[in-house]
Amino acid sequence: MARAATAIRHTHKMQGGDRNRPVLLLEWYDRNRRLLPWRALPGEPVDPYRVWLSEIMLQQTTVKTVGPYFEKFLARWPDVAAMARASLDDILRMWAGLGYYSRARNLHACAVKVLRDHGGRFPDTEEDLRALPGIGPYTAAAIAAIAFNRRTMPVDGNIERVVSRLFAVDEPLPKAKPRIHTLAATLLGPSRSGRDGKSRAGDVKTRAGRDGKSRASDVKTRAGDIAQALMDLGAAICTPKKPSCVLCPLSDDCAARARGDQETFPRKTPKKAGELRRGAAFVVRRGSEVLVRTRPAKGLLGGMTEVPTSTWLAAQDDTAALKQAPCLESAPRWRRKAGAVTHVFTHFPLELAVYTAAVARRTAAPEGMRWVPIARLNDEALPNLMRKVIAHGLGDEMEIHALATRRKQQEGPPA
DNA sequence: AAGCCGTGGCC
DNA sequence: TGGCCAAGGCT
């Protein structure tokens, strides 16, 4: 990692070198930082609740997708105590469509724990944060750095990419994680002796100094900004494909760029694709109502609402799936809708045949199921898969149309 | 420790 | 169009 820049280390314009990277990053960040709803403006106090909420939502989820959800959650639950008082079902309904629903369960559990065990204030150390549900190594470091200016480096996918290029880490992920983390931490600059990294009392909760002025030279008290600089850099410049190296503040210092193969980083070991699973979904209408049930609390789509379905198995044929239709007193005639609903989960693709039936007005819901007015489906914790299934089953009929097209119109999450 | 866990956008 | 990617955590 020693580089030729040594010769100009002490000149007034240093180009590269380990010690200079944090300053270059902060200078770039002070000019190019994104304005995000959960991000404090320079000089503004940081709200750990907002940092936490955004970090949970942003786990494996894009900034664009999170935006409207974050605003809705914040408007409804302005602080941890308010969220702790909410019901899990209310949170699941607000979360519907965001995916990875265990995050919503942990969100609620975390709020309850912060209120009960920490008096409604988030702990300000990485270790204590790590003990909270839904907060792993990354999120603990992110909150500690961004909300409390702890000198620690959260390493997300963006930073893995930036760092793997900067140092040309040839070893593939995930094996390279420890090395990348070590290298990433060097971007915080040299540590001070006798401190754990928490900055002076007056600076703890503000970005870039009390006066709101950005000081790129103030490396030691801006760990959170260095981390966010790397994330913004990864999102805007050091992108997975076609990175804009000419605009990068670290380009003169980038090992991959020097080799010309920056797009090949980070290296990754390929993972095996999941096998296609098939099944059937049953859309039963009783007048203007449909039959639904709640999925088991944990596991796939845990705690979410669904229409009854067969098991989802590899190589399951339609006949086998149809035999698992819900038992209704009036023994309806099932009609198979043309086509099918396909959905891709992280670990397997799914193809669901959709059967519809109409039953008499006072038909009872089978054990564990219930009738819901179609007009009120938006109040349910309906994952997008089930929105697709219901839209397919009901076709272009009336109210459901709004349900099916809600997302396309970018109206955001259900109210 | 590797598999489980959603969804939408992009090229 | 399909594979990749996105501010990962849990078991």
Side-chain angles (χ1 to χ4, degrees), chain A residues 34 36-39 50-70 92 95-107 109-110 129-147 153-162 173-175 177 181 184 224 227-236 238-242 263 266 268-277 295-304 306 312 342-350 381-388 406-408 410 412-413:
Chain A
R34 289 177 289 179
L36 300 172
W38 45 86
R39 205 175 251 185
R50 297 189 193 207
V51 175
W52 164 71
L53 179 58
S54 68
E55 288 299 341
I56 302 299
M57 288 184 165
L58 286 162
Q59 286 168 6
Q60 301 289 284
T61 310
T62 58
V63 166
K64 182 176 192 284
T65 301
V66 165
Y69 282 88
F70 178 83
L92 282 176
W95 196 277
L98 245 195
Y100 285 129
Y101 298 99
S102 68
R103 290 185 298 171
R105 283 179 261 134
N106 286 330
L107 189 79
C110 184
L129 287 162
R130 181 68 183 76
L132 265 15
I135 298 183
Y138 162 77
T139 306
I143 297 174
I146 296 170
M153 180 63 80
V155 181
D156 68 342
N158 279 314
I159 298 183
E160 276 180 351
R161 185 172 59 255
V162 173
L173 289 169
K175 204 175 179 193
K177 276 177 182 289
H181 190 276
Q228 292 180 95
L230 283 166
M231 294 181 201
D232 282 15
L233 194 64
C238 197
T239 50
K241 293 167 202 167
K242 307 220 179 212
E263 278 194 62
K268 293 188 178 179
T269 55
K271 41 190 160 190
K272 18 193 166 186
E275 196 178 356
L276 173 68
R277 300 184 198 178
R295 292 178 61 88
K298 294 183 179 178
L300 187 66
L301 304 174
M304 304 296 285
E306 68 173 2
W312 306 346
T342 60
H343 194 77
V344 181
F345 290 103
T346 308
H347 50 303
F348 68 92
L350 176 66
L382 264 193
N384 280 357
L385 165 63
M386 289 301 149
R387 293 179 186 275
K388 286 197 273 184
R406 181 179 57 82
R407 178 167 305 280
K408 295 187 199 302
Q410 294 199 329

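Reminder, nothing fancy here: chain letters follow the sequence lines and each chain counts from 1. What you are looking at is a predicted structure, and each value in this text was computed from that prediction instead of being measured.
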Please work out if A:P154 contacts a base, only the sugar-phosphate, or nothing of the nucleic acid, heavy-atom cut-off 4.0 Å. nothing

For A:H181, all residues meeting ring pair (Phe, Tyr, Trp, His ring centres under 6.0 Å), sequence neighbours excluded: none

Aromatic rings A:F348 and A:F345: how do their planes relate, parallel, tilted or perpendicular, breaks at 30° and 60°? tilted

Among B:dT7, B:dG6, C:dA6, which nucleotide has an atom closest to any side-chain atom of A:T62? C:dA6

Among C:dG8, C:dC5, C:dC10, the nucleotide that comes nearest once only the side chain of A:R130 is considered: C:dC10

Nearest whole Å is fine: how far is B:dC5 P from A:F348 CZ? 7 Å

Would you say the side chain of A:T65 and the base of B:dG8 hold a donor-acceptor pair, judged only by whether the two atoms sit under 3.5 Å apart? no

What nucleic acid atoms does A:L36 come within less than 4.0 Å of, heavy atoms only: base, sugar-phosphate, or nothing? base

For the backbone of A:G234 and the side chain of A:R161, can you confirm whether one donor and one acceptor N or O come within less than 3.5 Å of each other? yes

From the set C:dG8, B:dT7, B:dC5, return the single nucleotide nearest to any side-chain atom of A:L300. B:dC5

Donor-acceptor under 3.5 Å (A:R105 side chain, A:A297 main chain): yes

Any base atoms under 4.0 Å from A:I159, or only sugar-phosphate, or nothing? Heavy atoms, all strands. nothing

Would you kindly give the NZ-to-C1' distance between A:K241 and B:dC10, to the nearest whole Å? 6 Å

Presence of A:Q60 side-chain N/O under 4.0 Å of C:dG8 phosphate oxygens OP1/OP2: yes

Need one value for A:R105: base, sugar-phosphate or nothing, where a base atom within 4.0 Å counts as base even if backbone is also close, heavy atoms only. nothing

To the nearest angstrom, the CG-C1' distance between A:N384 and B:dC5 comes to 15 Å

Is it true that A:W38 and A:F70 have ring centroids separated by less than 6.0 Å? yes

If I take atom OG1 from residue A:T65 and atom CD from residue A:Q60, how far apart are they, to the nearest 0.5 angstrom? 12.5 Å

Euclidean distance, atom CE of residue A:M57 to atom P of B:dG6 [Å, nearest integer]: 16 Å

Of the nucleotides B:dG6, B:dT7, C:dC10, which one has an atom closest to the side chain of A:L385? B:dT7

For B:dC4, does OP1 or OP2 lie under 4.0 Å from any side-chain N or O of A:Y100? no

Considering only atom C1', compute the distance from C:dA6 to B:dC5 and round it to an integer number of Å. 15 Å

Counting only distance, no hydrogens or angles, is the base of C:dG8 paired donor-acceptor with the side chain of A:Y138 under 3.5 Å? no

Quote, to the nearest angstrom, the P distance that separates B:dG8 from C:dG9. 22 Å

With sugar-phosphate meaning primed atoms plus P, OP1 and OP2, does A:S102 contact a base, only sugar-phosphate, or nothing at under 4.0 Å between heavy atoms? nothing

Side chain of A:K268, backbone of A:P174: donor and acceptor closer than 3.5 Å? no

May I ask you to decide if A:G134's main-chain N or O and A:R103's side chain share a donor-acceptor pair within less than 3.5 Å? no

Starting at the 5' end of DNA chain C and moving along, which residue's nearest nucleotide shows up first, A:K298 or A:D232? A:D232

Heavy-atom nearest nucleotide on DNA chain C for A:Q59 versus A:K268: which residue maps closer to 5'? A:K268

Kindly compute the distance separating CD (A:E160) from CG (A:L173), expressed to the nearest 0.5 Å. 5.0 Å

Return yes if some donor-acceptor pair links the side-chain N/O of A:W52 with the main-chain N/O of A:I56 below 3.5 Å, else return no. no

Please state how far atom CG in A:L98 lies from atom P in B:dG8, giving the value in whole angstrom units. 10 Å

In whole angstrom, give me the gap between the P atoms of B:dG6 and C:dT1. 26 Å

Under 4.0 Å between a side-chain N or O of A:H343 and OP1 or OP2 of B:dG6? no

Below 3.5 Å between N/O atoms, which protein atoms pair up with nucleotides 1-3 of chain B? Just atom names and distances, please.
residue : atom : partner : partner atom : Å
B:dG3   : OP1  : A:K272  : NZ           : 3.3

What's A:V66 touching, base or sugar-phosphate or nothing? Going by heavy atoms closer than 4.0 Å. nothing

Closest to side chain of A:L301, choosing from C:dG8, C:dC5, B:dG6: B:dG6

So for A:T61 and B:dG8, does any side-chain atom that can act as donor or acceptor lie under 3.5 Å from a complementary atom in the base? no

Please classify the nucleic acid contact of A:S54 as base, sugar-phosphate, or nothing, using heavy-atom distances under 4.0 Å. nothing

Could you state the atom-to-atom distance from CZ of A:R103 to P of B:dC4 in whole Å? 19 Å

Atom-to-atom span, CH2 of A:W95 to C1' of B:dG6 - whole angstrom: 11 Å

Counting any heavy atom closer than 4.0 Å, what does A:G299 reach on the DNA or RNA strands: base, sugar-phosphate only, or nothing? sugar-phosphate

Starting at atom CD1 of A:I135, determine the distance to atom C1' of C:dG8, rounded to an integer number of angstrom. 12 Å

